*Asks:* 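Below is the structure I would like to discuss, written out as structure tokens.
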2 protein chains.
Amino acid sequence: MKAAFESYLRQQTQLDEAGVRRVSSLAISRKLRRNEFLLREGEVCRHKTFIVNGLLRTYSVTPDGNEHILSFSPENTWTLEVESYDRQAPSRSHIDAIEPGEVLQWLKADFNGLLEEIPQLKILAEQMVSRSIHSSRQRIITTLSATPEQKYEDFVQTYPGLLPRLPLRMIAGYLGVSLKTLTRLRHAQMLR
Amino acid sequence: MKAAFESYLRQQTQLDEAGVRRVSSLAISRKLRRNEFLLREGEVCRHKTFIVNGLLRTYSVTPDGNEHILSFSPENTWTLEVESYDRQAPSRSHIDAIEPGEVLQWLKADFNGLLEEIPQLKILAEQMVSRSIHSSRQRIITTLSATPEQKYEDFVQTYPGLLPRLPLRMIAGYLGVSLKTLTRLRHAQMLR
DNA sequence: TTCAAATATGGTCAAATGACCATGTTTTTA
DNA sequence: TAAAAACATGGTCATTTGACCATATTTGAA
């Protein structure tokens, strides 16, 4: 089960075999069932998590009951609740499994140790931060300027593989659009 | 003129006097007139910029002519076009001055040198990245879930000092709401 | 396999929003 | 100081969007 992660590491970094094993050795593996929570609102996010397989989502629920999705995390990506992880404060979001799957987790102290110890891992971590900033900015622009149809198109382009794995209402929750609006525009696209 | 920046540095870091001077010494100062561009779309962002005084904005213009504002940068904050700066690729946003002011700039190579040289500056830089991630996430949630009125309230709460310095249409461009909607809800608030 | 729950779609209606235009005011700049 | 530009507000109207409800279909769990 750690094999998939190790080959990910070899692909993404210049780590030698010893480094790969070292990082891998501190990982705790965990299985998730469908709808199982990785982290609940109010809990403290104590781990960095790598998704080996499956599909997770990070979302928050407004008082009126709407679910607003911050991100989807498919296999070979990482997830955590940054604010909570950084400050070890209660999380304001939930993370749960849309599909059953397996993840690897590192305790914050362990991971920080690895960052000090292994410069190539630090480089990877910085790349991840940089990508995260870019995609947040991109998403803000899209959210501000695009019509629902453009947002949907953009989503389809950006995450083509995710589309068939997600119920439509979650895509709506990600785009900030009602389910009704989404089905409407899909219907309109059918007619073309 | 560099004095303001130096006292900012002393407040925000553990830098000793030599460190403060060293960072300050590599800065290039520049004055900006009202509406003057710091960076145009298509140009490469070659500097990190600290705003000594004045008020800048980062925004992009959609084909239909609407201006969507990514961020405001008042005195004692930093600004740059991250994507462009990181990859030295053409910027997709403009940065210009809403108010006349003065900024300090560091060439990327110089700043990276300082980061290597001065660990406390590295810490400050990482703090800035962390804050930037948090505020982006917060903004995404607000944009997704709040009504225009809530967005406006949120803006007033978060940036109380900025409000009187900004034309309303820019606040609209930041919130992703039409100017009309903004004046409407303000009118409604007056009546309460 | 069967039943229950979740899901996608559609209809109708009311409310929110934006586009367009005009006006009075304030701010800039020549 | 005077003219020009930018700005905030309001009116009207068409369009978009969401809320609510019903239904058919798909999916998941017992």
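Order of the sequence lines sets the chain letters (A, B, ...), proteins ahead of strands, with each chain counted from 1. Bear in mind the structure is a predicted one, so any value in this text is a computation, not a measurement.
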*Asks:* So does His187(A) get a side-chain nitrogen or oxygen closer than 4.0 Å to the phosphate oxygens (OP1/OP2) of dG10(C)?
*Replies:*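 Yes, within the criterion.
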
*Asks:* Would you check if the distance from the ring center of Phe72(A) to the ring center of Tyr174(A) is below 6.0 Å?
*Replies:*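 For Phe72(A) and Tyr174(A), the ring centres are under 6.0 Å apart.
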
*Asks:* If you take any heavy atom closer than 4.0 Å to DNA chain C, which residues from residues 153-186 of chain A end up in contact?
*Replies:*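 Nucleic-acid contacts, sorted: Pro167(A), Leu168(A), Arg169(A), Leu179(A), Lys180(A), Thr183(A), Arg186(A).
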
*Asks:* Provide, to the nearest angstrom, the distance between the CD atom belonging to Glu99(A) and the P atom belonging to dA6(C).
*Replies:*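 It is 18 Å, rounded to the nearest whole Å.
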
*Asks:* Decide, yes or no, whether a salt bridge links Arg10(B) with Glu17(B) under the criterion of side-chain N to carboxylate O below 4.0 Å.
*Replies:*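 Between Glu17(B) and Arg10(B) there is a salt bridge, with a charged N closer than 4.0 Å to a carboxylate O.
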
*Asks:* Using 4.0 Å as the upper bound for N to carboxylate O, is an ion pair formed by Glu81(B) and Arg137(A)?
*Replies:*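 Yes.
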
*Asks:* Excluding sequence neighbours, so at least two apart, what forms ring-ring contact (aromatic ring centres under 6.0 Å, His included) with Tyr152(A)?
*Replies:*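 With sequence neighbours excluded, Tyr152(A) shows a ring-ring contact (aromatic ring centres under 6.0 Å, His included) to no residue whatsoever.
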
*Asks:* Hydrophobic clustering (ILVMFWY, side-chain heavy atoms < 4.5 Å, transitive) - are Leu38(A) and Ile69(A) grouped together?
*Replies:*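 No: no chain of side-chain contacts under 4.5 Å links Ile69(A) to Leu38(A).
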
*Asks:* If you take the centroid of each ring, where Trp contributes its six-membered ring, are Phe37(A) and His94(A) closer together than 6.0 Å?
*Replies:*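 Judged by ring-centre distance (under 6.0 Å), His94(A) and Phe37(A) do meet the cut-off.
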
*Asks:* Should Lys122(A) and Glu116(A) count as an ion pair when the cut-off is N to O under 4.0 Å?
*Replies:*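 Looking at Glu116(A) together with Lys122(A), the answer is no, because their closest N to O distance does not fall below 4.0 Å.
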
*Asks:* CG of Leu144(A) versus P of dG18(C): gap in Å, rounded?
*Replies:*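 Rounded to whole Å, this separation is 12 Å.
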
*Asks:* Dump the intermediate steps for salt bridge (charged side-chain N to carboxylate O under 4.0 Å, His left out) on Glu99(B) and Arg34(B), then the final yes or no.
*Replies:* CA-CA 5 Å; Glu99(B) 298 172 1; Arg34(B) 187 164 180 276; over 6 Å; no

*Asks:* Please report the distance, rounded to the nearest Å, between CG in Asn35(B) and C1' in dT28(C).
*Replies:*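 Nearest whole value for this atom pair: 10 Å.
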
*Asks:* Determine, for Arg30(A) against Glu36(A), whether the closest basic-nitrogen to carboxylate-oxygen distance falls under 4.0 angstrom.
*Replies:*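 Looking at Arg30(A) and Glu36(A), the cut-off is met.
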
*Asks:* Going by number, which of residues 57-75 of chain A have a non-hydrogen atom under 4.0 Å from DNA chain C?
*Replies:*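 DNA chain C contact set from residues 57-75 of chain A: none.
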
*Asks:* Once side-chain hydrogen bond (donor to acceptor under 3.5 Å, both in side chains) is applied, do any residues pair with Glu153(B), and if so which ones, sequence neighbours excluded?
*Replies:*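 Glu153(B) satisfies side-chain hydrogen bond (donor to acceptor under 3.5 Å, both in side chains) with Gln189(B) only.
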
*Asks:* If the helix axis at each end comes from five base pairs, how far does the helix from dT1(C)-dA30(D) to dA30(C)-dT1(D) deviate from straight, to 10°?
*Replies:*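 That helix has its two terminal axes inclined by roughly 70°.
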
*Asks:* Working to the nearest 0.5 angstrom, can you tell me the gap between Leu163(A) CG and Leu168(A) CG?
*Replies:*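 Leu163(A) atom CG to Leu168(A) atom CG measures 8.0 Å (nearest 0.5 Å).
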
*Asks:* At the 4.0 Å heavy-atom cut-off to chain B, mark where contacts on DNA chain D begin and end, going 5' to 3'.
*Replies:*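 The footprint of chain B covers dC7(D) to dT12(D).
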
*Asks:* Using a strict 4.0 Å threshold on nitrogen-to-oxygen distance, state whether Arg21(A) and Glu6(A) make a salt bridge.
*Replies:*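 A salt bridge is absent here (no side-chain N lies under 4.0 Å from a carboxylate O).
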
*Asks:* Assess the pair Tyr85(B) and Trp78(B): is the distance between their ring centroids shorter than 6.0 Å?
*Replies:*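 So the answer is no for these two rings.
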
